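The structure under discussion appears below in the form of structure tokens.
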Amino acid sequence: MKYPRGHFPGGLKLAGHKSLSTQQAIQAAPMSKQFVLPLHQHIGEASLPSVEVGDQVLKGQKIATAQDYVSVPLHAPTSGTIIDISEQPIPHPSGLSALCITLEADGQEQWVTLDPVKDFTTLSEHELRQRIRDAGIVGLGGAGFPSFIKLNPHAHHHVETLIINGIECEPYITCDDMLMREQADTIVEGIAIIRHALRVKQCIIAIEDNKPEAATALQEAIAKRSGLGETDVMVIPTRYPAGSEKQLIQAVTGKTVPSGGLPIDISIICHNVGTTYAIARAISQGEPLISRIVTVTGEAVERPGNFDTLFGTPINLLLEHCGSTLSEQDNLIMGGPMMGFELLRHDLPIVKTCNCVLASVGEPQSTAEPLPCIRCGDCAVACPASLLPQQLYWYTRANDLEKAREYNLFDCIECGCCSYVCPSEIPLVQYFRYAKTETMTKEAEQRKSDNARIRHDTRQDRLALEQIEKAERQRQRKAALAASKKAAEAEKQADNQESQS
Ligand code: SF4
Ligand code: SF4
């Protein structure tokens, strides 16, 4: 299906609350004494510690290595001593703990020797990808997918269009907006590097029409940069969730990513502006990814803003720095109010996927149960993935996960538009998150039991084959014995006949 440029189905017009955090330039976050660094800050396998407790490390030094193809290394955000490697609470919707490396800063900020590249065009696509991987770069829009993989499409995929995502459609979040305003030249350098790695002809930088300063800054940076090739800024109407990858592609190109498919299936690759900036720094300065811009905002902080924050910095240090007025009944959210998740503690560390810390004044919680579905259809109208949320709701409530899958449960991007508009206040997206997790858990268990069955069947087949081979060997031995006995008797008989004659 094709949509008119700038549009996608459904979506919402939300109050932005963006000006809260765009009143001042990006600042350096306060320096922490300790940094807690979770080893799993990306999609895929967690990285493996390559340091031990007691080791002295330099800023930017690799402290954990990639464990698998879908994995990236982790680097020290400052110089200091490794004081602990153990399970610690991490910022995650589950509220669970995971393995973390704790670094105590020595205050020296002493960098490891960096290896910048003067002219990236002298590097092959493979060398660029390897450097981007070694720098630990993952998608900074929130997904955390290792970026080098998106720069390595399979041979049978041809990339026609590179889309740089400068949308930032969730209310309150402004880190990408401020980065585009202040670092447009470096973002454009990153685009040139990605274009070189992908050999792509066309690039579109998509920005919503509520960020005119960012659009102007990028247009000026493109005009200054020679040899960039066809690169345009496209300003699209502000509508949530325009920054979600599939909706972005619809809005920019009018094309639809097939159900269960990826953008590369229609020859498109998307990268976030923050990721593009990190790629430029990794190649041109040789710097690994050790920090990111984080928006700290909400009505429960006195001085909201955007902060260049080293990974592992405790959130409460940022909150204190911004004049937090958070009380017991207020909410602390990582991400935006639509797709973010509540943090149960304030001392959790900033990680690669954290674009915003939202300290919002708590509204009195409705204790009433959701009302029954009245089949008004508002959720279907709002759904940007063209799903039927009320049907999905029936099936997930009835725990009929098969049927929910048939209704394209896995195309749900968990944007929350359906819950937002539902007059019965049914927390639809929570049902869908639960159903997806349940389905994936069941499938993983099924795969495990299938593998166990295959292993058992293979063993049985091997034992049966061994039995057959053993029986065959016994038969052959018996036959050989009988043959040699027969031959001996024949020889004996021949000897007897000879002696008688
Ligand atoms: S919006 Fe709510 S009440 Fe209306 S159809 Fe959807 S689930 Fe039912
Ligand atoms: S949460 Fe899922 S079902 Fe609900 S509107 Fe978003 S994509 Fe559609």
Side-chain angles (χ1 to χ4, degrees), residues 1 3 7-16 93-94 141-143 145 165 167-173 208 236-252 255-263 270 333-342 355 358 366 368-440:
M1 196 187 292
Y3 292 89
H7 293 277
F8 56 89
L12 299 172
K13 191 94 185 146
L14 298 171
S94 65
F145 189 70
N165 188 348
I167 296 292
E168 198 161 54
C169 57
E170 274 236 33
Y172 289 95
I173 310 175
E208 280 181 311
I236 66 168
T238 299
R239 191 166 183 81
Y240 175 79
S244 202
E245 205 167 58
K246 290 184 179 178
Q247 285 62 42
L248 173 68
I249 289 169
Q250 282 175 344
V252 169
K255 293 182 187 168
T256 308
V257 178
S259 173
L262 294 170
C270 303
I333 292 167
M334 183 173 277
M338 298 297 285
M339 293 175 91
F341 59 91
E342 200 179 340
N355 53 5
L358 174 58
S366 161
E369 282 290 303
L371 295 170
C373 170
I374 54 170
R375 290 197 172 268
C376 64
D378 287 359
C379 51
V381 174
C383 179
S386 302
L387 302 177
L388 294 171
Q390 75 274 35
Q391 292 298 121
L392 282 172
Y393 168 59
W394 293 123
Y395 293 126
T396 51
R397 235 187 100 151
N399 220 11
D400 189 346
L401 300 180
E402 271 301 310
K403 208 74 185 158
R405 201 180 233 285
E406 276 175 35
Y407 275 78
N408 297 327
L409 171 69
F410 280 87
D411 283 349
C412 170
I413 56 168
E414 300 176 22
C415 64
C417 290
C418 49
S419 310
Y420 188 88
V421 297
C422 178
S424 298
E425 297 190 9
I426 303 170
L428 295 160
V429 68
Q430 287 177 28
Y431 278 94
F432 307 152
R433 279 188 194 130
Y434 164 79
K436 280 175 157 186
T437 312
E438 273 294 292
T439 308
M440 286 191 290

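Everything quoted here is computed from the prediction, not taken from an experiment. First listed ligand is number 1; within each ligand, the first listed atom is number 1.
Side-chain contact between Cys415 and Ser244 is absent, with no heavy-atom pair separated by less than 4.5 Å. In this structure, Phe410 and Thr439 have side chains that are in contact, with non-hydrogen atoms separated by less than 4.5 Å. Between Thr256 and Phe8, the closest side-chain pair of non-hydrogen atoms is not below 4.5 Å.
Residues Arg239 and Lys13 approach most closely at NH1-N, 4.0 Å, considering heavy atoms.
Heavy-atom contacts of Ser424 reach the following atoms of ligand 1: 3 (S) (cutoff under 4.0 Å). Each of the atoms 1 (S), 6 (Fe) of ligand 2 lies under 4.0 Å from some heavy atom of Gly416. Listed by atom number, the atoms of ligand 2 under 4.0 Å from Pro384 heavy atoms are 5 (S). Each of the atoms 3 (S), 8 (Fe) of ligand 1 lies under 4.0 Å from some heavy atom of Ile374. Numbered from 1 in the order shown, with element, the atoms of ligand 1 that lie under 4.0 Å from a heavy atom of Cys373 read 3 (S), 5 (S), 7 (S), 8 (Fe). Under a 4.0 Å criterion applied to the non-hydrogen atoms of Arg375, ligand 1 contributes the atoms 5 (S), 8 (Fe).
Counting only distance, with no hydrogens or angles, the side chain of Gln390 and the backbone of Cys373 share no donor-acceptor pair below 3.5 Å. Distance alone, capped at 3.5 Å, is enough to place a donor-acceptor pair between the Ser424 side chain and the Pro372 backbone. Glu170 places a side-chain N or O within donor-acceptor distance of the main-chain N or O of Met338, the cut-off being under 3.5 Å.
Distances shorter than 4.0 angstrom do not occur between any heavy atom of Leu428 and any atom of ligand 2. Not a single heavy atom of Ala382 lies less than 4.0 angstrom from ligand 2.
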**Message:** Using salt bridge (Lys or Arg N to Asp or Glu O under 4.0 Å), reason through Arg405 and Glu402 one step at a time and then give a plain yes or no.
**Reply:** CA-CA 5 Å; Arg405 201 180 233 285; Glu402 271 301 310; 5.5 Å; no
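Of the candidates Cys418, Ala380, Pro389, the one placing a heavy atom closest to atom 5 (S) of ligand 2 is Cys418. When Cys383, Cys379, Pro423 are ranked by how near their heavy atoms come to atom 6 (Fe) of ligand 1, first place goes to Cys379. In this structure, of Tyr420, Tyr240, Phe432, the residue bringing a heavy atom nearest to atom 3 (S) of ligand 2 is Phe432.
Between Tyr393 and Tyr431, the angle of the ring planes goes over 60°, which puts this pair in the perpendicular group of the 30/60° scheme.
In terms of protein heavy atoms, atom 2 (Fe) of ligand 2 is closest to Cys412 SG, 2.3 Å. Ile413 N, 3.5 Å is the protein heavy atom nearest to atom 7 (S) of ligand 2. Nearest protein neighbour of atom 4 (Fe) of ligand 1, counting heavy atoms only, is Cys376 SG, 2.3 Å.
Only one option out of Leu387, Leu409, Ile413 pairs with Phe432 in a side-chain contact (heavy atoms from CB on, under 4.5 Å); it is Leu409.
At a threshold of 2.8 Å, atom 2 (Fe) of ligand 1 has a backbone or side-chain N, O or S atom of Cys422 nearer than that distance.
In Val429, the part holding a heavy atom less than 4.0 Å from any atom of ligand 2 is the side chain.
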